[in-house]
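First the structure, in the form of structure tokens, and then the observations on it.
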Amino acid sequence: MSAKIKFAKVTCNDFYSTLNKRVSEYFTINKLSKNANPLMIFKIFFYLSIFIAAYLLLILNPNPLSVQFLLWIVIGFFTAFIGINISHDAIHGSLSRHKKMNKFLGYTFNIIGANAYMWGIMHNIVHHTYTNIEGHDEDITSVPFLRMSPHQKLRKIHRYQYWYAFLFYGLGSLSWVFVKDYVKFFKKKIGNYDNKKHPRIEYFNLFFFKLVYYTIFLVLPMILINALWWQVLLGFLVLHYCEGITLAVIFMLAHEVEEAHFPLPDKRGNMQNSWAVHQLYTTSDFGRQNDLLSFFCGGLNFQVEHHLFPRICHIHYKPISKIVKRTAEEYNLRYNANPSFRAAILSHIRFLKKLGKNE
Ligand SMILES: [Zn+2]
């Protein structure tokens with residue numbers, strides 16, 4: 001593994017301190033908390049109640065097969081929405097100013113099959129610090145058959161990746177629930193992060209919550225739903241396909257687009273830019289004006305703002321984005337943004353095509 005990453009101390013003068021000051025002023029002047037507001041509380045209830053209602057309807061009501069599959073689809077999408085709207089913010093500690101409340105809402109991640117503790121390491125520490133750095137950010141190396149960065153080996157099959165990539169995206173959450181968390185938990189290093197020691201309780205939590213998840217979403221449906229076992233299994237796979245594709249697409253549109261950079265450290269591990277400028281260059285927004293998109297994406301269409309201010313609840317990202325954009329422009333720094341969801345998808349496809357040909 002390469003040397004420990006060190007970001008440059010100061011690039012572009014005092015960009016981040018100025019930005020921090022301006023963002024703090026926004027909250028002070030408008031007398032706002034950086035955590036959840038009433039709309040965010042509504043979102044929490046909205047996602048949880050539809051998810052729970054769809055699940056109960058699926059397992060307790062004698063539905064025809066077509067309705068069963070419709071409910072599996074709803075549960076799949078809402079699993080992803082809970083993950084990105086509730087769990088993600090809670091594990092970042094941005095939903096509430098109370099640590100215990102964040103911890104409690106972070107458990108929603110375990111209920112939807114992922115491990116909150118491992119996410120805290122893989123995402124909060126590794127991905128958020130070493131974004132798009134080859135060999136460090138495992139989010140850009142964890143997809144098989146795909147070339148996710150210009151620094152990865154080019155294989156013949158990558159030429160077609162812009163055709164088949166989306167098929168793989170749908171499998172992401174399935175591998176997460178059955179493989180990824182276990183592999184990462186017992187891996188000694190994640191990027192350059194020393195992953196050898198975990199609190200004892202986390203060994204218990206890992207297996208206990210996985211068992212809870214398998215029971216709720218596989219065992220109980222097999223027992224209670226009036227369908228053949230393979231129809232239930234197919235429903236479970238459909239759930240994951242909807243969940244996986246939603247999560248993957250949101251990630252890809254933020255970091256795997258033509259606008260995003262993939263900088264490398266020098267031999268001593270030094271990065272050219274400061275951490276904040278690095279985040280600006282490796283991340284991209286999309287559809288900033290589309291409030292419905294923001295509602296479902298957990299504000300992750302404002303990924304630039306999320307990477308610069310992960311401790312601020314996503315509900316505030318839209319107004320903050322104006323400050324970030326203005327400040328970046330003042331300091332002559334790139335502010336990556338695709339105007340719409342469609343534009344970001346097209347940019348992602350073009351990016352995959354280029355990487356497949358080593359352009
Ligand atoms: Zn995050």
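Numbering of ligands and ligand atoms starts at 1, following listing order. We number each residue from 1, following the sequence as shown. Remember, predicted model here, so these are calculated numbers, not experimental data.
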Look at the aromatic rings of Tyr317 and His306 and report parallel, tilted or perpendicular, splitting at 30° and 60°.
->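 If you compare the ring of Tyr317 with that of His306, the planes turn out tilted.
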
Lys/Arg-Asp/Glu bridge criterion (N-O < 4.0 Å) met for Arg288, Glu305 | no

Does the pair Glu138/Lys180 count as a salt bridge with the N-to-O cut at 4.0 Å?
->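 Looking at Lys180 together with Glu138, the answer is no, because their closest N to O distance does not fall below 4.0 Å.
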
Does any donor atom in the side chain of Gln152 or Glu134 lie under 3.5 Å from an acceptor atom in the other side chain?
->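 The criterion, which ignores hydrogens and geometry beyond distance, is satisfied for Glu134 and Gln152.
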
Given NE2 of His128 on one side and NE2 of His92 on the other, what angle do they make at the Zn ion (ligand 1), to 10°?
-> 90°

For the Zn ion (ligand 1): the N/O/S atom of His306 at shortest distance =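 It is NE2 of His306.
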
Which single N/O/S atom of His123 lies at minimum distance from the Zn ion (ligand 1)?
->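 Nearest N/O/S atom of His123: NE2.
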
Counting backbone and side-chain atoms alike, does His307 have an N/O/S atom under 2.8 Å from the Zn ion (ligand 1)?
-> no

